[in-house]
Amino acid sequence: MHHYFISEMLPVAMITAIVTLVSTATARPSLNYLESRFSTENESEEVRSAAIKRLLEVFGMDDTPLLRGDKQPPQYMVDLYNTVADVDGVTKDPYILEGNTVRSFFDKLHSEQIEFLFNLSVVARSEKVLTAELHLFKLRPQASATFNRYHFCQVSVYQLLDSSKMNITQGKKLLSSRLIPVHSTGWEVFTITQAVRSWMAVEGNNLGLLVTVQTLGGSQMDKKVVRFASGRNHHESKHPMLVLFTDDGRRAAALENTVKDPNETPAVPGLPNLPNAPGFHRSARSLDYDEDVEKMTCQRLPLYVDFEEIGWSGWIVSPRGYNAYHCKGSCPFPLGQNMRPTNHATVQSIINALKLTKGIETPCCVPDKLFSINLLYFDDDENVVLKQYDDMVAGSCGCH
């Protein structure tokens, strides 16, 4: 008999088990149930808490982020999410993003000068920095300065090496520089990857960024002519922003973890056993058992994960939930091609049918194609994060 434990399963299997546990623990019980199972209420809540904690681990978090007030995500991050994910969060194309994590950080200085400081302490040292961008919103020239003989200006972004020497060459390092039309308005993006890699290597290196605006002749540009929105005097939708693309290595780890015995599902510590709780220690044949299960051949069925029901709608921007799907049904002999059997499953099915070896059961109905999903959410520091999670949706089912 094959028992299912919440363990080093693929994320989609773990989600199935956790959602069942959470819904079981939160379902409204009958009066008879209350009378007969009153002593297990605390244990039921313990199961729910442990299941939620395990679900957070699936999403790479220690605890749920706490937001202060009503926050709006940057439009850039919303647009990026809509580019990579469909309405349910499922990845449209796995090759759109080079890594699996994108974060947006707002400037902490709010200086009237064009100087910026971003707190990147939430980024783990183990993450690989792929690309870093400084996003600045260029404003229209002030009315009093609209008449100007300059059509272009030179905008340069520097990494500060010594805040006391920012006006001399030794105190800064050029990261990016280009010509920008003086009378344009809208977002301007500068690559600052070198600086962020330096900050990640040595935290004390993060002294901020300095932006200079000069004429083509090299003289200082009038600040009334070329202006960028600051975090102090302008709407938050135009605030300076650092966008960081990284890869946390979870994808490579996930691939390594899949090279295991598919029949192995060792138990995870920390989840207490709830006696007779449906969805915890269950065999493949008794999974949500009814009389029709044995007649139903292996197929994919809906399994909706509702973040509001779990209590996560306050910090997850998109999606509000997603359909993880689950696989259910029998794998009877002979296995047809519609059951998408592996060669191993076909042989196992034959051995079982002929009863050649004692204790060999029929193959199991499991996901044979998995898709990733994307989450857009606020972290503990109220930065907006777009993260891609592999193996979260059962794309199809087969007998294995």
Side-chain angles (χ1 to χ4, degrees), residues 74-77 79-80 103-120 129-202 204-245:
Q75 190 59 45
Y76 173 83
M77 296 298 288
D79 293 342
L80 185 61
R103 293 183 180 87
S104 60
F105 302 87
F106 284 121
D107 170 46
K108 298 297 183 183
L109 278 184
H110 305 302
S111 171
E112 291 186 359
Q113 305 298 318
I114 316 180
E115 187 181 349
F116 309 101
L117 183 66
F118 301 93
N119 182 2
L120 308 183
V129 174
L130 302 173
T131 305
E133 299 172 343
L134 175 65
H135 291 224
L136 299 177
F137 190 88
K138 186 177 178 301
L139 303 165
R140 292 189 184 279
Q142 289 184 352
S144 60
T146 52
F147 178 75
N148 193 289
R149 61 193 178 94
Y150 298 109
H151 295 286
F152 289 90
C153 61
Q154 185 85 31
V155 179
S156 302
V157 180
Y158 293 88
Q159 175 186 355
L160 289 177
L161 305 177
D162 187 337
S163 55
S164 64
K165 300 177 181 178
M166 67 172 64
N167 293 322
I168 60 176
T169 305
Q170 291 85 347
K172 57 191 178 185
K173 175 183 177 182
L174 180 64
L175 299 171
S176 180
S177 183
R178 71 168 189 274
L179 297 179
I180 292 177
V182 168
H183 294 281
S184 66
T185 182
W187 287 100
E188 299 291 343
V189 179
F190 303 88
T191 301
I192 57 168
T193 309
Q194 290 182 17
V196 172
R197 285 177 177 163
S198 167
W199 299 340
M200 294 300 295
V202 181
N205 286 347
N206 186 359
L207 300 178
L209 302 169
L210 177 68
V211 177
T212 63
V213 184
Q214 297 177 318
T215 66
L216 299 188
S219 60
Q220 190 72 27
M221 200 80 179
D222 185 348
K223 292 181 180 179
K224 292 182 179 180
V225 176
V226 178
R227 303 181 303 140
F228 291 101
S230 70
R232 174 179 291 189
N233 301 319
H234 301 95
H235 189 269
E236 64 179 2
S237 65
K238 298 178 181 178
H239 284 186
M241 182 171 62
L242 187 155
V243 178
L244 181 60
F245 297 78

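- The closest side-chain heavy-atom distance from V243 to V189 is not below 4.5 Å.
- P240 and A229 get closest at one heavy-atom pair: CG-O, 3.4 Å.
- We find the NZ-CG distance between K173 and L160 to be 13.0 Å, quoted to the nearest 0.5 Å.
- Here CZ of F245 is found 5.5 Å from CG of L80. Values are rounded to the nearest 0.5 Å.
- F118 has its side chain within reach of D107: a pair of non-hydrogen atoms, C-beta onward, lies under 4.5 Å apart.
- Heavy-atom neighbours of K238 NZ from other residues, nucleotides or ligands within 6.0 Å: at or below the threshold of 12.
- Panel note: side chain T191, backbone T193; no donor-acceptor pair is recorded below 3.5 Å.
- Across all their heavy atoms, P141 and H183 have their closest contact at CG-ND1, 3.8 Å.
- Residues passing the salt bridge (charged side-chain N to carboxylate O under 4.0 Å, His left out) test with R178, sequence neighbours excluded: E188.
- Taking the side chain as every heavy atom from C-beta outward, V182 and H151 never approach each other to under 4.5 Å.
- Closest approach of D162 to L207, counting heavy atoms only: N-CD1, 3.9 Å.
- The structure places SG of C153 at 11.0 Å from CD of Q220, a figure rounded to the nearest 0.5 Å.
- Atoms CD and CG, from Q159 and N205 in turn, are 7.0 Å apart once rounded to the nearest 0.5 Å.
- Proximity of L179 to Q154: side-chain heavy atoms (C-beta onward) are separated by under 4.5 Å at one or more points.
- The neighbour count for R197 CZ, taken as heavy atoms of other residues, nucleotides or ligands under 6.0 Å away, is above 12.
- For the atom pair NE2 of H135 and OH of Y76, the computed distance is 4.5 Å after rounding to the nearest 0.5 Å.
- Counting heavy atoms from C-beta outward, Q75 and S237 have side chains that stay 4.5 Å or more apart.
- Of the possible donor and acceptor atoms, one in the side chain of K138 sits under 3.5 Å from a partner among the backbone N and O of S184.
- Counting only heavy atoms from C-beta outward, the side chains of F106 and E236 never approach each other to under 4.5 Å.
- The CH2 atom of W199 sits 10.0 Å away from atom CG of L244, with the distance rounded to the nearest 0.5 Å.
- Tested against L209 for a side chain to side chain contact (heavy atoms under 4.5 Å, CB included), the candidates L117, L175, L109, I114 yield a single pass: L175.
- At a threshold of 4.5 Å between non-hydrogen side-chain atoms, the residues F137 and L139 count as touching.
- Using a 4.5 Å heavy-atom cutoff, the side chains of V155 and F190 are in contact.
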Start with the C-alpha gap between F116 and L242, add the side-chain angles, then the distance that decides, and say whether side-chain contact (heavy atoms from CB on, under 4.5 Å) holds. CA-CA 10 Å; F116 309 101; L242 187 155; over 6 Å; no
